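Worksheet for the structure shown next.
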Amino acid sequence: MSEGWEVRMSNSKGVPYFFNSTTRQSSWEPPKELTPEQLSRLPGAEQLKGGGAAKAEGGGKPGQVRASHLLVKHRDSRRPSSWKEANITRTKEEAIEILKEYEQEIAGSQETFAELASQYSDCSSHSNAGDLGWFGRGQMQKPFEEAAYALKVGEFSPIISTDSGVHIVMRTG
């Protein structure tokens, strides 16, 4: 069942990820259908050593956090397009208003957050309920990093703004 899967190293984050050369699917998390033994035999599996193996088993390196987010882009975002919209024209203020509505719907529910992130986030992480995986300091835009590190596991950030757009962050690890 490990057909097509391999381990690659992210150039931007410096951490390993899983890539299926047959389906072109990529994921920060190990494919659910693979056992730990199958994961260890994938091409590039040596890149999972030294912290990456912890990732394959669900944990991060010391000093890392794991977070999910719900991103709403606006016309001044660094890339004002997404999987949902080729050309985003809303203002930053309109994006914030949208997130305020999502905040009310979420009302502290991690399940609702995951559902909304899956349906509405302008980030490709929508396919993983907004999950960005484990990351360390210096890997995310500063306001995002500061928000994620300030939270306890299970907590939500207030609305934050980065060059990517406006977000609600949920710390998950």
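Small disclaimer: the values here were computed from a predicted structure and weren't measured.
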Report yes if the side chains of [X] and [Y] come closer than 4.5 Å at any heavy-atom pair, otherwise no.
X: M140; Y: L132; result: yes
X: E33; Y: W5; result: yes
X: I159; Y: I168; result: yes
X: V72; Y: Y102; result: yes
X: F135; Y: V65; result: yes
X: I106; Y: M170; result: no
X: R90; Y: E85; result: yes
X: H74; Y: T91; result: no

Gap between atom [atom2] of [Y] and atom [atom1] of [X] - 0.5 Å precision:
X: S27; Y: N128; atom1: OG; atom2: CG; result: 5.0 Å
X: S21; Y: E3; atom1: OG; atom2: CD; result: 8.5 Å
X: F113; Y: S121; atom1: CZ; atom2: OG; result: 7.5 Å
X: F18; Y: L42; atom1: CZ; atom2: CG; result: 7.0 Å
X: N87; Y: R75; atom1: CG; atom2: CZ; result: 11.0 Å
X: K152; Y: R171; atom1: NZ; atom2: CZ; result: 10.0 Å

Can a donor-acceptor pair be found, under 3.5 Å and without considering hydrogens, that links the side chain of [X] to the backbone of [Y]?
X: E145; Y: G138; value: yes
X: T162; Y: P143; value: no
X: K73; Y: S81; value: yes

I'd like to know if [Y] and [X] are part of one continuous hydrophobic network [Ile/Leu/Val/Met/Phe/Trp/Tyr, side-chain heavy atoms within less than 4.5 Å].
X: I160; Y: V166; answer: no
X: I98; Y: L70; answer: yes
X: L71; Y: I88; answer: no

[X] versus [Y], closest heavy-atom pair with distance:
X: F19; Y: S26; answer: CD1-CB, 4.0 Å
X: G44; Y: V7; answer: O-CB, 3.4 Å
X: L116; Y: E105; answer: CD2-OE1, 3.7 Å
X: R78; Y: S164; answer: NH2-OG, 3.2 Å
X: S77; Y: G165; answer: OG-CA, 3.6 Å
X: T22; Y: G4; answer: OG1-CA, 3.6 Å

Donor + acceptor pair across side chains of H167, S157 (<3.5 Å):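 No.
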Any Lys/Arg nitrogen of K100 or E103 sitting under 4.0 Å from an Asp/Glu carboxylate oxygen of the other?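 Salt bridge: no.
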Heavy-atom count check: over 12 atoms from other residues, nucleotides or ligands less than 6.0 Å from Y120 OH?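 Open: at most 12 neighbouring heavy atoms sit under 6.0 Å from OH of Y120.
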Take F144 and V169 through the test side chain to side chain contact (heavy atoms under 4.5 Å, CB included) and record every step on the way to the result. CA-CA 8 Å; F144 191 97; V169 179; 3.5 Å; yes
